[in-house]
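When a ligand or atom number is given, it counts from 1 through the structure's own listing order.
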Amino acid sequence: MKSVPDYFGCMVFDDKAMRSRLPKETYKAMKKTIQDGKRLDIAVANVVANAMKDWAVENGATHYTHWFQPMTGITAEKHDSFISPCSDGSIIMEFSGKELVKGESDASSFPSGGIRTTFEARGYTAWDPTSYAFIKEGVLCIPTVFCSYGGQALDMKTPLLRSMEAIGKQAKRILTLFGQTDITSVKTTVGAEQEYFLVDADLYNKRKDLIFTGRTLFGTKPPKSQELDDHYFGSIKSRVAAYMKDLDEELWKLGILAKTEHNEAAPAQHELAPVFSTTNMAIDHNQLTMEIMQKVAKKHNLICLLHEKPFAGVNGSGKHNNWSISTNKGTNLLEPGETPYDNAQFLLFLCAVIKAVDNYQDLLRASVASAGNDHRLGAGEAPPAIVSMFLGDELNAILESIENDTAYEANEKVQMKVGVHVLPRFPKDTTDRNRTSPFAFTGNKFEFRMLGSARSISSANIVLNTAVAESLKSYADRLENVENFEDSLHNLIKKTIKDHKRIIFNGNGYDDEWVKEAEKRGLYNLPTTPDAIPCLIAEKNVKLFEEHKVFSREELEARHEIYLESYCKTINIEALTVIEMVNRDILPAISSYAGKLCKTASMKSGFNADASYEKSVIEKLSKLSASVFEKVNALEEELAKIKSVSGVVAEAEIFKSVIIPAMEDIRSDVDEAEKITAADFWPYPSYGELLFGVN
Ligand code: ADP
Ligand code: MG
């Protein structure tokens, strides 16, 4: 068997493959395109396409696809084969620069939020050469962006690349002020830790709720869950270990730097963390990771659940988005420096993030909003729906000393002057202890922890990049052409701390007290998706995105519509599944079990035996099933009424305030019934079986 370094990235047309297969000039042109975002010449594209095709065919590919990320949150592909007929009836394998660079796609089957109707139904895909092509299951996948013919973004990647450009541009202005004029590009970096559940496929196949909605809609808590904390980082069971080994191999072939695999807090829950990379690559890789996780699971007769809350009462799954900014020389701009001057630069970038998170809390919250994630945020297991930042005691003390012109204790009581004093060293590990904070500084990067496990991490990074670009822009506007750079810098940092310190919270984010405190501070608390999504079209936010050319107003309105629509559709499917399960499986099961008890009870009475157990259960089950029956009929009526509601905002509101509570109410009756119904009669595998069924 080949060693890992030998096969790592073997399915990627990466730098190594390009260097060995492209003529020198073409390779150089390609490199330039990748590094500086220069446009690719069609002559160059032709040469690249041909070399790419030869490489792909040698590696078993017969088809190619423009792989893109529509607003469904997952990836899409349409396969075309390389074959091209010759006049003598034979075929050759062909792939042109034009086919590489641009593709046409029928946009009408993807969500467009109204953009499509006002323009053409066609959309086009365009190669993003900064992300490498790769082979997946015999298909050469070319990472692309997806736009309408009018140029409006129909995907997650176009705005992401625009946001990376925006922050790169503003960061370069700031670096120039610090004398760093030789930096050619600044990009953000991301490492996304992915959580997931593994359940046995045979059990999964018996649960309509998992099949249709990705989460359980019913189920009583098992006698043992996660209270012993014995699963977290516990030893990995052999079937899971075999899965993880397989998964790593598949990811490594695709050049994905899967690094850490461990058990998570809940039983059957696990996590995979990659080594970080440039944001657009990290996002491609996270999308691929989710896809491969599910495919590899099937080979092991397992199902990988990516839903944010597959099991009520058990921890849900999220994604930690580790984020930083880096120059083309590899300098991490959020790494505290060694000299006063480096420190000043670090503090300015740090302040840019503080200001961004405070000014655009609402957008950050909206960027992680989904029906699934609503079950986690604020439920005492994930960060609350309130955005706040954790900086750690040391950094906090430094900022306080700057703000108040007071001495910083740990550093021999000097008064901190930006650009003059060396920052005291703060140990990295003490900064990473607050697990309850939604947005934590972890030594040389920020960790945004509100993201859900099922969705693309694009939205969150688009907001982060753009919001920080705006802070940097305001700083650069302010500092360019000032007479005394150091004084102005000091004052600017001081002012940022004063203006935005309300967003900094180092306490326990899971505490109810924090909700009250946050309200006093004037922070947003947007508990659900319908509360959060309208922020996308708030005037200040439209202005932000237009200013940095990341979204037009029209594109934002489209996304507002799409996300709310997706929320409504998700809950509608859940409600229909509840009705189907109750009417066709659950009520019949309860009834037949009660019927059996009735028989036993009447037989017992023939013997004058005590039938109090049977009678008591019959009575309880009858009450519960009557109640469930009535509630399900009411739910059906409510769903029917929604059809006449106009406007997605009003619709989402009803799903949130009427349908979800109705489903929960039904669930609580059904779960009560499950507790007293013989296991043989219950139509679905229990939580206990699902959570502890993989060994
Ligand atoms: P831990 O949190 O276990 O101490 P690390 O801090 O090393 O581990 O990393 C957690 C995640 O953050 C990993 O995915 C890692 O690749 C990522 N990460 C580390 N440095 C950066 C960075 N500069 N930019 C983005 N992500 C980073
Ligand atoms: Mg983490």
- Item | Listed partners of Lys309 passing salt bridge (Lys or Arg N to Asp or Glu O under 4.0 Å), at least two apart | Glu381

- Message: Please list, in number order, the atoms of ligand 1 under 4.0 Å from a heavy atom of Ser324.
- Response: 22 (C), 23 (N), 24 (N)

- Using distance alone, decide if ligand 1 has a nitrogen or oxygen within less than 3.5 Å of any nitrogen or oxygen in Phe276. yes

- Task: Please state whether Val275 comes within less than 4.0 angstrom of ligand 1, counting heavy atoms only.
- Result: yes

- Task: Measure from the side-chain N and O atoms of Glu335 to the backbone N and O of Asn444, and report whether any donor-acceptor pair falls under 3.5 Å.
- Result: no

- Message: Test of understanding: with side-chain contact (heavy atoms from CB on, under 4.5 Å), list the residues that count as partners of Asp14, not counting sequence neighbours.
- Response: Val12, Lys16, Ala17, Tyr132

- Task: Identify, by atom number and element, the atoms of ligand 1 in contact range of Pro274, meaning under 4.0 Å from any of its heavy atoms.
- Result: 13 (C), 14 (O), 15 (C), 16 (O)

- Task: Mark yes or no for whether Thr442, through its side chain, and Lys445, through its backbone, hold a donor-acceptor pair below 3.5 Å.
- Result: yes

- Query: Is the closest N or O pair between Trp323 and ligand 1 shorter than 3.5 Å?
  - Reply: no

- Consider every N or O of Thr189 and every N or O of ligand 1, then say whether any pair is closer than 3.5 Å. yes

- Message: I'd like to check whether Lys445 has a polar contact with ligand 1, where a contact means an N/O of the residue lying under 3.5 Å from an N/O of the ligand.
- Response: yes

- Message: Does Arg19, at its CZ atom, have more than 12 non-hydrogen atoms belonging to other residues, nucleotides or ligands within less than 6.0 Å?
- Response: yes

- Which of these, Lys501, Lys494, Lys495, sits in a salt bridge (Lys or Arg N to Asp or Glu O under 4.0 Å) with Glu403? Lys501

- Message: Residue-level breakdown please: for Asn332 versus ligand 1, do any non-hydrogen atoms fall below 4.0 Å on the side chain, on the backbone, on both, or on neither?
- Response: side chain

